[in-house]
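Presented below is the structure to which this report refers.
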Amino acid sequence: MSKETRRFMRLMVFFDLPTLTKLDKRAYVLFRRFLLKDGYDMIQWSVYGRVVNGSDDAETHLKRLAANLPPTGSVRCLQISEKQFANIKLMVGTAKLQEKKVNAAQLLLF
């Protein structure tokens, strides 16, 4: 791994939000829209992830995430290195096209 790719990390957001009332559903939709607009990709249901460039960028996105949290439910965020993310084992099913397209090596081209 080169020095350029070492600083890339992933932010993984896991959430469990209630959708029983109309207000809860609205909060869910707004939170999901925020994640997509902020560059997160859906890894699987209620699990979103994005690439960040170093810990300063991670802090920026964590602040944005904190500012857009829904009022109820559970939201967790995990910060991992690109190398750790690459070692994820897919146990059942197939990787989505977005997972194959988005990796740190391809981001270096942009």
Side-chain angles (χ1 to χ4, degrees):
M1 185 182 286
S2 69
K3 288 183 179 178
E4 291 83 22
T5 60
R6 283 187 192 153
R7 61 185 184 176
F8 286 107
M9 298 184 300
R10 297 271 178 159
L11 285 181
M12 306 294 292
V13 176
F14 311 89
F15 60 89
D16 186 18
L17 301 178
T19 55
L20 297 175
T21 67
K22 200 169 190 175
L23 285 176
D24 288 342
K25 289 178 186 176
R26 178 80 177 143
Y28 170 86
V29 168
L30 290 176
F31 184 65
R32 186 176 181 277
R33 279 188 197 157
F34 159 74
L35 290 174
L36 295 174
K37 282 184 181 176
D38 202 35
Y40 290 85
D41 291 315
M42 188 172 88
I43 307 297
Q44 65 183 55
W45 290 111
S46 299
V47 179
Y48 287 70
R50 70 159 290 140
V51 177
V52 292
N53 188 5
S55 44
D56 290 341
D57 196 25
E59 285 299 317
T60 299
H61 285 283
L62 285 172
K63 286 178 184 173
R64 277 190 215 157
L65 184 68
N68 289 282
L69 289 174
T72 58
S74 175
V75 178
R76 298 165 196 265
C77 187
L78 176 67
Q79 185 176 330
I80 59 174
S81 70
E82 188 64 25
K83 186 176 179 180
Q84 290 170 323
F85 182 78
N87 287 331
I88 287 178
K89 306 291 184 231
L90 184 60
M91 305 301 278
V92 175
T94 58
K96 292 185 174 185
L97 181 61
Q98 290 174 324
E99 292 177 71
K100 293 176 185 173
K101 285 172 59 177
V102 179
N103 61 41
Q106 287 181 330
L107 288 176
L108 293 175
L109 299 174
F110 297 109

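Everything numeric here is computed off the predicted structure, so don't read it as measured data.
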Any non-hydrogen side-chain atom of [X] less than 4.5 Å from a side-chain atom of [Y]?
| X | Y | value |
| --- | --- | --- |
| M42 | R32 | yes |
| F31 | V13 | yes |
| M9 | V51 | no |
| M12 | V47 | yes |
| K25 | L17 | no |
| V75 | P70 | yes |
| L11 | L78 | no |

Point-to-point distance, once rounded to the nearest 0.5 Å, from [atom1] of [X] to [atom2] of [Y]:
| X | Y | atom1 | atom2 | value |
| --- | --- | --- | --- | --- |
| T19 | R26 | OG1 | CZ | 15.0 Å |
| R33 | Y28 | CZ | OH | 11.5 Å |
| C77 | L62 | SG | CG | 5.0 Å |
| R50 | Y40 | CZ | OH | 6.0 Å |

**Report entry** Backbone N/O of S81 and side chain of Q84: donor-acceptor pair under 3.5 Å
**Finding:** yes
Report task. State whether the side chain of S55 and the backbone N or O of A58 hold a donor-acceptor pair below 3.5 Å, judged by distance alone. Result -> no
Requested in this report: Kindly indicate, with the supporting measurements, whether the criterion side-chain contact (heavy atoms from CB on, under 4.5 Å) is fulfilled by F8 and V52.
Outcome: CA-CA 6 Å; F8 286 107; V52 292; over 6 Å; no
Query raised in the report: Within 45° of the axis and under 6.0 Å from the centre of the six-membered ring of F85, does NZ or CZ of R10 qualify?
Result: yes
Query - Intermediate values then yes/no, side-chain contact (heavy atoms from CB on, under 4.5 Å), N68 and L35 - result: CA-CA 9 Å; N68 289 282; L35 290 174; over 6 Å; no
Query raised in the report: Centres of the F15 and Y48 rings: under 6.0 Å?
Result: yes
Query raised in the report: Out of curiosity, does L23 fall in the hydrophobic cluster containing L69 (side-chain heavy atoms, cut-off under 4.5 Å, transitive links)?
Result: no
Report task. Carefully, step by step, assess D57 and T60 under the rule side-chain hydrogen bond (donor to acceptor under 3.5 Å, both in side chains). Result -> CA-CA 5 Å; D57 196 25; T60 299; 4.8 Å; no
Requested in this report: Show the numbers, then the answer: is there a side-chain contact (heavy atoms from CB on, under 4.5 Å) between R76 and D16?
Outcome: CA-CA 9 Å; R76 298 165 196 265; D16 186 18; over 6 Å; no
Query raised in the report: When you look at CG of L30, are more than 12 heavy atoms from neighbouring residues, nucleotides or ligands closer to it than 6.0 Å?
Result: yes
Report task. Kindly give the heavy-atom pair with the smallest separation between L90 and T94, and that separation in Å. Result -> CD2-C, 3.3 Å
